[in-house]
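For reference, the structure is listed below as structure tokens.
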Number of protein chains: 2
Amino acid sequence: MTIDPRSHTPVYVQLADLLRERIEAGDLPAGSAIGSETQLMQEYGIGRDAVRMAISTLRSEGLVTTNRGRGSVVREAPPRRRVELVPGATVVARMPSGTERRAMQLDEGVPVLEVRGPDGGVEVLPGDEVELTRPA
Amino acid sequence: MTIDPRSHTPVYVQLADLLRERIEAGDLPAGSAIGSETQLMQEYGIGRDAVRMAISTLRSEGLVTTNRGRGSVVREAPPRRRVELVPGATVVARMPSGTERRAMQLDEGVPVLEVRGPDGGVEVLPGDEVELTRPA
DNA sequence: CTAGATTTGTACGTATGTATT
DNA sequence: CAATACATACGTACAAATCTA
């Protein structure tokens with residue numbers, strides 16, 4: 001699979017799709033590097049903008065994490081703990097605000113679960129560490 | 001509140017924080033325009049990159065939606081329908097993949113709820129249209 | 001420990017395409 | 001048709017964090 005600069009689909013979308021496939025196929029396992037910006041630029045003959053936008057897309061999908069000076073690696077999702085939803089509770093999923101995300105130390109592309117108990121109390125849980133359950 | 005280009009916090013983060021505050025304070029109600037890129041560039045004396053990165057941040061938080069030729073407006077969240085979590089079900093929240101997002105016509109910054117029933121069947125729900133409930 | 005190379009982050013510029021008004 | 005507005009994509013430059021020799 002390669003990239004066609006004359007396609008109607010943007011170059012950065014093509015690169016994002018390509019990398020996403022490789023990740024979901026297990027070709028790029030969790031923790032492995034996806035290549036530096038310079039490498040990807042040269043490998044596909046595209047500009048830095050396109051590379052950065054592709055990586056940004058994958059970051060916002062929670063597929064990779066990026067660190068300055070180190071590069072981007074396929075994200076390793078933390079183990080999920082089961083949280084039982086108590087009777088009378090309601091839940092909504094949403095993205096955290098910037099300050100919220102920094103405070104909870106969430107990676108980009110990780111939603112939160114807002115659980116409202118029957119007493120009206122609200123609890124905000126990291127969406128990548130939790131699996132909600134209703135016991136049988 | 002204004003923007004300081006010499007601050008250690010990046011200009012685009014400052015602008016995103018500023019606009020987020022105005023949105024959450026109700027100063028910019030749902031449906032209202034946040035101003036064009038050119039307007040924001042001139043108003044704060046910053047470059048187009050900084051403006052676009054700030055808006056991109058808010059988009060990925062689900063706070064605004066952007067349309068080509070029209071501009072960015074504060075996002076109006078659709079009404080949530082209550083979905084009862086059946087006994088024995090489990091739920092995780094995650095971001096949709098690019099193809100998934102396009103197929104479900106989800107705005108940027110909107111997570112999905114992946115509900116696994118006791119029979120093993122999986123259902124993916126739009127995170128902005130659903131409120132999960134466990135009846136009392 | 002230091003110096004340099006690598007890598008991403010921020011910020012600017014230009015140009016062109018596409019959708020809406 | 002023209003003006004406006006965002007999208008894509010290229011370029012440059014410098015800063016900051018990390019890694020390596």
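What's counted below: heavy atoms across the whole structure, side chains too, no hydrogens, waters or symmetry copies. Chain A is the first sequence line, chain B the second, and so forth, proteins listed ahead of strands; every chain is numbered from 1. All of these numbers come straight from a predicted model, not from anything done at the bench.
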Rounded to the nearest Å, what distance is computed from the [atom1] atom of residue [X] to the [atom2] atom of nucleotide [N]?
X: A:Glu108; N: C:dG9; atom1: CD; atom2: C1'; result: 12 Å
X: B:Gln39; N: D:dC6; atom1: CD; atom2: P; result: 8 Å
X: A:Asp4; N: D:dT8; atom1: CG; atom2: P; result: 16 Å
X: A:Arg52; N: D:dA7; atom1: CZ; atom2: P; result: 18 Å
X: B:Leu40; N: C:dC12; atom1: CG; atom2: C1'; result: 17 Å
X: A:Gln14; N: D:dA7; atom1: CD; atom2: P; result: 18 Å
X: B:Met41; N: C:dG13; atom1: CE; atom2: C1'; result: 10 Å
X: B:His8; N: D:dA17; atom1: NE2; atom2: P; result: 12 Å

Side-chain ion pair, [X] and [Y], N-O less than 4.0 Å:
X: B:Glu84; Y: B:Arg134; value: no
X: A:Arg102; Y: B:Asp17; value: yes
X: B:Glu114; Y: B:Arg94; value: yes
X: B:Arg116; Y: A:Glu131; value: no

Do B:Ile46 and B:Val51 have side chains that get closer than 4.5 Å, going by heavy atoms?
->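 Result yes, sub-4.5 Å side-chain heavy-atom pair found.
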State whether a side-chain donor-acceptor pair under 3.5 Å links A:Thr66 with A:Arg59.
->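 The criterion, which ignores hydrogens and geometry beyond distance, is satisfied for A:Arg59 and A:Thr66.
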Shortest non-hydrogen contact between A:Ala30 and A:Arg75, atoms and distance =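 Answer, listing the atom of A:Ala30 first, then A:Arg75: CB-O, 3.8 Å.
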Considering heavy-atom distances to DNA chain D, does B:Asp49 or A:Met53 have its closest nucleotide positioned more toward the 5' end?
->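 Taking each residue's closest nucleotide, the earlier one in sequence belongs to A:Met53.
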Tell me which nucleotide among D:dA5, C:dT8, D:dA9 gets nearest to the side chain of B:Ser36.
->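 Closest of the options to the side chain of B:Ser36: D:dA5.
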Of all the choices, D:dC10, C:dC12, D:dA7, which nucleotide is nearest to the side chain of B:Ile46 once you look at every atom?
->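 Output: C:dC12.
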Looking at A:Tyr12, does any N or O in its side chain come under 4.0 Å of the phosphate oxygens OP1/OP2 on D:dA9?
->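 For D:dA9, neither OP1 nor OP2 has a side-chain N or O of A:Tyr12 closer than 4.0 Å.
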Reading nucleotides 14-21 of chain C from the 5' end, what letters show protein touch, with B for base, S for backbone sugar-phosphate only, - for no heavy atom under 4.0 Å?
-> -B-BBBSS
